[in-house]
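One structure is given below, encoded as structure tokens.
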There are 2 protein chains.
Amino acid sequence: MVGSQTKGPSQEPHGQQSQDSRDEILKAATRLFANRGFHETSMSEVAREARVSKALIFWHFKTKEELFLAVLNRLLEPYFIDFAEESRMLDERHQILRLVEFYLLFVRDHANSVRFFLAQMLREQRLSEGLGEQIMKLYSGYRDMLVELIARAQERGLCATGFTPENAAGFILSALNGLMIEFLFMPGATMNPESAVSMVDQWLFHGRERQETSVGKTEH
Amino acid sequence: MVGSQTKGPSQEPHGQQSQDSRDEILKAATRLFANRGFHETSMSEVAREARVSKALIFWHFKTKEELFLAVLNRLLEPYFIDFAEESRMLDERHQILRLVEFYLLFVRDHANSVRFFLAQMLREQRLSEGLGEQIMKLYSGYRDMLVELIARAQERGLCATGFTPENAAGFILSALNGLMIEFLFMPGATMNPESAVSMVDQWLFHGRERQETSVGKTEH
DNA sequence: AGCCGGCCTAACCTATCGGTCAAGCGTTAA
DNA sequence: TTAACGCTTGACCGATAGGTTAGGCCGGCT
């Protein structure tokens, strides 16, 4: 939620107009920044793509960096999802599997912004210092949830205990990131979360219910 | 060693001089491109860093893109290593473990280049069309070797047969890439190939000799 | 000696960059 | 009517981008 006011349409004609153009600019900038990067994208391009004058962009956003940060916030929105709320009624095993599935579905459905953030973090630190922290916070939040769930599952005797929850979570995350890389970089690779989920299920819970048994499916 | 001729010093004064300056330029450009990217690096900066005039760069390289490609080739050099030659005398198991270790050691020792290539491949292909192909060739070459070795190991009854060599190789590569991500992005993460190697050993060969048993170590 | 060609530079060129400015529009309030 | 305000624009600015030009230096060949 960047600047979402609660006022209805046409209630404030100027404000509405302003919001529209601001949105067009953000959309265009997002598209351009995403597949060209910060330095490769010029404000003139953004203006042309958004079909407004360049000066209008500078009326909405003081500098190019401010526009960039607005884009980042816009892109970060879908990342904030309250998991604990969403699946509180499931047992640990299904929460874990749900979490794993969520990671991959997210990467698949937000491939562009994931690409974007990855590229941004691989490059200039300047612009992505705060960004990196935010993402790391999300990431370790995710990891912590995983650790917590595995620990509870172990306590209840639901899964193997031959490893610490931290190590298991680290292993799972590595595997997920590996799948992510494959999906993002290999041309034509398809993300199929089910096989990954069933792998984790196998590994942690020995697939105590019916489940596919495919392991390391990597179709191409 | 880019263009290391075998001629001694001062044998060809002009050529030697030229090579020196060309090398300085390449070194500076490599450094700058690596941690700032193509568009963020200006020829003037390269000139300053290499302590030559900008015009000299354009004498050695017709355009900025040509310089960039020269840098890429320079960076790709260490990737071309003939594995089959190097470890022909080992058995499949140790060749596989060697291969795994090599992957991680390479990522660790060439982190900057790897970062650079990843970032480059995330961006639009214009500049890195040929580059992407080259890297994909290396990557699938690596994967093929892995597949081949696992297949042979299975034939000889050295390792489990509950999976196809392709799936096993895909799984291992995913795990390696996951470790790579962790190493590249987590501040202070250390790459320790031994534990990964022993994991693969455990998984494929059930660690038939003495080996550590740590799994998914993720210290931070 | 005198010229040639490889190596190198200061100065210069044009296009485009991020950013500014003053003025024009329609709406609203007085 | 008109002054004020929010939104929008074309024209413009200095800085810097990639790239060029003309020429200087230097060792080797005739």
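To find a chain, count down the sequence lines: A is the first, B the second, and so on, and within it residues start at 1. In this text the structure is predicted, and so the values were computed from the model without any measurement.
- dC8(C) atom P lies 12 Å from atom CZ of Arg22(B), rounded to whole Å.
- The side chain to side chain contact (heavy atoms under 4.5 Å, CB included) check on Ala175(B) picks up nothing, with sequence neighbours excluded.
- Counting to the nearest Å, the P atom of dG18(C) and the CG atom of Leu32(A) are 12 Å from each other.
- Ring pair Phe68(A)/Phe33(A) is perpendicular by interplanar angle, where above 60° counts as perpendicular and below 30° as parallel.
- Residues passing the side chain to side chain contact (heavy atoms under 4.5 Å, CB included) test with Ser44(B), sequence neighbours excluded: Ser42(B), Lys54(B).
- Scanning DNA chain C for stems, defined as runs of 3 or more consecutive Watson-Crick or G-U wobble pairs whose donor-acceptor distances all fall under 3.5 Å, gives the following ranges: C:1-30 with D:1-30.
- A donor-acceptor pair shorter than 3.5 Å cannot be found between the side chains of Asp144(B) and Tyr139(B).
- Of the charged side-chain nitrogens involved, at least one lies within less than 4.0 Å of a carboxylate oxygen, so that Arg36(B) and Glu45(B) count as a salt-bridged pair.
- Contact check, Ser44(A) against dT16(C): no side-chain N or O comes under 4.0 Å of OP1 or OP2.
- Nucleotide dT16(D) holds its P atom 17 Å from the CD atom of Glu40(B), rounded to whole Å.
- We find that CD of Glu45(A) is positioned 14 Å from C1' of dA15(C), with the value rounded to whole Å.
- When the C1' atom of dC17(C) is taken as reference, atom CG of Leu67(A) falls 15 Å away, rounded to whole Å.
- Put simply, CD1 on Ile25(A) is 8 Å from P on dT8(D), counting in whole angstrom units.
- Checked against salt bridge (charged side-chain N to carboxylate O under 4.0 Å, His left out), Arg152(B) has the following partners two or more places apart in sequence or in another chain: Glu92(B), Glu148(B).
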Please tabulate the protein-to-nucleotide N/O contacts below 3.5 Å involving nucleotides 9-15 of chain D, giving atom names and distances.
{"unit_1": "dT9(D)", "atom_1": "OP2", "unit_2": "Ser53(A)", "atom_2": "N", "d": "2.9"}
{"unit_1": "dT9(D)", "atom_1": "OP2", "unit_2": "Ser53(A)", "atom_2": "OG", "d": "3.2"}

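- Side-chain N/O atoms of Ser42(B) include one lying less than 4.0 angstrom from OP1 or OP2 on dA17(D).
- For dT8(D), the OP1/OP2 oxygens have a side-chain nitrogen or oxygen of His60(A) closer than 4.0 Å.
- In this structure, the CE atom of Met43(B) is 7 Å from the P atom of dG18(D), given to the nearest Å.
- Distance, Asp23(A) CG to dT8(D) P: 12 Å, rounded to whole Å.
- Residues Phe38(B) and Glu65(B) are in side-chain contact: their nearest non-hydrogen atoms beyond the backbone lie under 4.5 Å apart.
- Listed by chain and residue number, Arg115(B), Phe183(B), Leu184(B) satisfy the side chain to side chain contact (heavy atoms under 4.5 Å, CB included) test with Ala111(B) (two or more places apart in sequence, or in another chain).
- Salt bridge status for Arg108(B) with Glu182(B): absent, with no side-chain N to carboxylate O gap under 4.0 Å.
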